[in-house]
Amino acid sequence: MATLTVAILVAFASSATAATSQYSLSQLTPFNGGAGSSATSINRAGQITGNIDGQAVIWSGSTLTYLNWGGAPTNGNAINDLGQVAGNAQFGSVSKAARWAGGQPSDLPPTGTDSMAFGINHAGTVVGYASGSLPGQIATQAIVWSGAQATVLASLSGGKNTSEAIAINNAGMIVGGSFVNSSGSMRHAVSWSAGAGTITDLGTLGGPNSWATAINDAGVIAGWASISGNLANHAVLWNGAALHDLGTGSMDSAVATGINNVGQTVGYTRNTASTIYHATLWNGDTAVDLNSYLSPELASEGWVLQRATGINDLGQIVGIASNGRFASQAFLLSPVPEADGYAMLLAGLGLVGWMARRRKAA
């Protein structure tokens with residue numbers, strides 16, 4: 001019944017989002033030259049994790065919570081629907097992977113070597129990488145942490161090369177990338193199966209490189225891949241064995257960084273000759289430059305929404321904005337449904353509430 005309830009909510013959210021023609025921009029930190037910030041991930045409840053001036057944070061509505069660990073600089077890289085955060089703390093020259101639950105950090109093994117956590121699912125399983133101190137580990141390799149247990153994931157070319165796990169879905173499927181050769185001149189997006197951890201090379205668009213950055217609960221993977229004869233990257237989706245080219249929008253290079261369960265993809269586009277990035281949303285194959293939702297006042301001050309880093313099932317998007325003169329700042333874009341879509345979303349929420357009351361009465 002819980003699965004059915006979520007499916008109904010996502011279906012109505014999809015209908016409302018499809019009817020969206022506008023987004024409302026929220027400055028998670030003021031765009032006025034204050035302390036720098038970034039937003040990296042948003043969950044279904046609209047909780048956001050990221051960083052303000054060197055400290056990991058959670059934005060939950062109007063409440064801001066700092067995620068500390070012994071006074072060290074911290075980063076929040078992913079947040080699950082329970083509000084648990086995966087990230088890292090920097091102790092001198094050593095980065096340590098961490099999981100925060102209820103605002104409290106948990107140390108993830110191994111100790112004394114570099115590690116980083118990038119993804120977390122509903123079960124609290126964390127993925128990332130660690131450098132060479134676990135049994136059988138001979139390089140910086142992808143790691144999955146289940147509770148306090150760390151497991152090294154396979155790499156390409158017999159497991160001797162660098163790899164990183166970037167994201168995990170609620171079914172336990174993991175994605176990221178692995179060097180194909182020891183020099184790192186070729187690196188491919190990979191997936192690891194749930195449980196067994198069997199590695200699959202996801203391939204490229206004919207060029208030497210690709211990387212997987214996100215996965216939804218249907219197993220659709222987002223990332224980037226290089227094309228034959230060109231060093232530029234294209235945003236891509238993998239659905240099973242099928243590799244789909246999302247292109248580069250109006251520019252010549254693109255990276256996909258997030259995907260929701262409705263199938264919307266976010267990331268950024270850029271021209272390879274420029275350092276300016278544009279946050280981008282893909283509705284199917286249609287690329288939308290999210291700077292079209294920037295106010296004329298902010299645009300006139302030179303602000304650019306540079307990178308979209310995450311999207312939830314309601315279509316809320318988080319990312320990073322910059323104007324070149326001040327520190328980068330975190331932003332949230334929330335869809336403003338048209339009347340019909342909004343009515344459908346309210347109807348869906350009402351139906352979910354009725355189902356919950358019916359279960360309680362039973």
| task | State whether a side-chain donor-acceptor pair under 3.5 Å links T204 with S210. | result | no

With the 4.5 Å side-chain cut-off for hydrophobic clustering, are I259 and W238 part of the same group? no

Under 4.5 Å between side-chain heavy atoms, hopping through other hydrophobics if needed: is there a path connecting W303 to Y293?
yes

The single option from D289, L305, V304 that satisfies side-chain contact (heavy atoms from CB on, under 4.5 Å) with L294 is L305

Rounded to the nearest 0.5 angstrom, the OG-CG distance for S38 and L28 is 10.0 Å

Fill in: Verdict with reasoning, L205 to S228, per side chain to side chain contact (heavy atoms under 4.5 Å, CB included)
CA-CA 7 Å; L205 290 171; S228 179; over 6 Å; no

A308 meets the side chain to side chain contact (heavy atoms under 4.5 Å, CB included) criterion, sequence neighbours left out, with V266, A279, L290, I317

If we only count heavy atoms from C-beta on, is the I320 to Q329 side-chain gap below 4.5 Å? no

Would you check if there is a donor-acceptor pair between the side chains of Q306 and S322 at a distance under 3.5 Å? no

Heavy atoms of R99 and W145 approach each other most closely as NH1-O, 4.3 Å

* Would a 4.5 Å heavy-atom cut-off, applied to side chains only, mark I42 and L332 as touching? -> yes

Would L82 end up clustered with L314 when hydrophobic side chains under 4.5 Å apart are linked, directly or stepwise?
no

Discussion item. Any heavy-atom pair between the side chains of L153 and I174 that's under 4.5 Å?
Written reply: yes

Test item: V336 and Y23 side chains (from C-beta on) under 4.5 Å apart, heavy atoms:
no

T269 side chain to T280 side chain, donor-acceptor N/O pair below 3.5 angstrom | yes

- Task: Go through K96 and F91 one step at a time and tell me if the side chain to side chain contact (heavy atoms under 4.5 Å, CB included) criterion holds.
- Result: CA-CA 7 Å; K96 282 289 298 154; F91 294 97; 3.9 Å; yes

_Quick one: does any side-chain atom of T309 pair with a main-chain N or O of A39 as donor and acceptor, under 3.5 Å?_
yes

Rounding to 0.5 Å, atoms CD (Q264) and CG (D313) come to a distance of 9.0 Å

Review point. Taking the side chain as C-beta and beyond, is there a heavy-atom pair between S178 and H188 under 4.5 Å?
Key: no

Here the pair of heavy atoms bringing F118 nearest to A165 is CD1-O, 3.5 Å

Value for OG (S115) from OH (Y129), rounded to nearest 0.5 Å, stands at 7.5 Å

What one should report as the nearest heavy-atom pair of A256 and T265 is CB-CG2, 3.7 Å

Between I215 and the options I168, N121, I221, N170, the side-chain contact (heavy atoms from CB on, under 4.5 Å) test singles out I221

Quiz item: Is a side-chain donor or acceptor of N68 paired with a backbone partner of G71 at a separation under 3.5 angstrom?
Solution: no

Between S146 (side chain only) and Q149 (backbone N and O only), is there a donor and an acceptor less than 3.5 Å apart? no

Discussion item. If we count only N and O atoms by modelled type, under 3.5 Å, do the side chains of S95 and N88 hold a donor and an acceptor together?
Written reply: yes

CG of D201 to CD1 of I199, rounded to nearest 0.5 Å, is 7.5 Å

Interatomic distance, CE@M173 vs CG@D217, rounded to 0.5 Å, equals 11.5 Å

Starting from the C-alpha separation in whole Å, work towards a yes-or-no answer on side chain to side chain contact (heavy atoms under 4.5 Å, CB included) for R187 and W211.
CA-CA 7 Å; R187 56 193 72 186; W211 210 256; 3.7 Å; yes

Residues passing the salt bridge (Lys or Arg N to Asp or Glu O under 4.0 Å) test with D285, sequence neighbours excluded, are none

### Message
Closer than 3.5 angstrom, by distance alone: can the side chain of N283 be matched with the main-chain N or O of T286 as a donor-acceptor pair?
### Response
no

Of all heavy-atom pairs linking A117 and A97, the shortest is N-CB, 3.8 Å

Judged by atom type as modelled, is there a donor-acceptor pair below 3.5 Å linking the side chain of N312 to the main-chain atoms of G315? yes

inquiry  = Quick check against the 3.5 Å criterion: does Q84 have a side-chain atom that pairs as donor or acceptor with the backbone of G102?
reply    = no

request  = Decide whether I276 and V255 are clustered together by the hydrophobic rule: side chain heavy atoms of Ile, Leu, Val, Met, Phe, Trp, Tyr closer than 4.5 Å, transitively.
outcome  = no

### Message
For D245 and H234: C-alpha separation, side-chain torsions, deciding distance, then whether side chain to side chain donor-acceptor pair (under 3.5 Å) applies.
### Response
CA-CA 7 Å; D245 187 354; H234 284 206; 2.9 Å; yes

ask   = Mind checking whether V94 and W69 sit in one hydrophobic cluster, side chains of I, L, V, M, F, W, Y counted as touching below 4.5 Å?
value = no

| said: Taking the side chain as everything from C-beta on, heavy atoms only, tell me whether V190 gets closer than 4.5 Å to W192. | reply: yes

Using a 3.5 Å distance criterion without hydrogens, assess whether the side chain of N260 forms a donor-acceptor pair with backbone atoms of G263. yes

**Prompt:** How about W282 and V288: do any of their side-chain heavy atoms sit closer than 4.5 Å?
**Reply:** no

Q. Judged by atom type as modelled, is there a donor-acceptor pair below 3.5 Å linking the side chain of T74 to the main-chain atoms of Q90?
A. no

Residues S37 and I52: closest non-hydrogen pair is CB-CG1, 4.0 Å

For W100 and N75, the nearest pair of non-hydrogen atoms, with its separation, is CZ3-O, 3.7 Å

**OP:** Would you check, one step at a time, whether the test side chain to side chain contact (heavy atoms under 4.5 Å, CB included) holds for L67 with V57?
**Re:** CA-CA 5 Å; L67 302 177; V57 296; 5.9 Å; no

query: Any side-chain heavy atom of I120 within less than 4.5 Å of one from I79?
result: no

Indicate whether the side chain of T140 and that of T162 have a donor and an acceptor atom separated by less than 3.5 Å. no

Backbone N/O of N216 and side chain of N169: donor-acceptor pair under 3.5 Å
yes

Interatomic distance, OH@Y277 vs CZ@R270, rounded to 0.5 Å, equals 4.0 Å

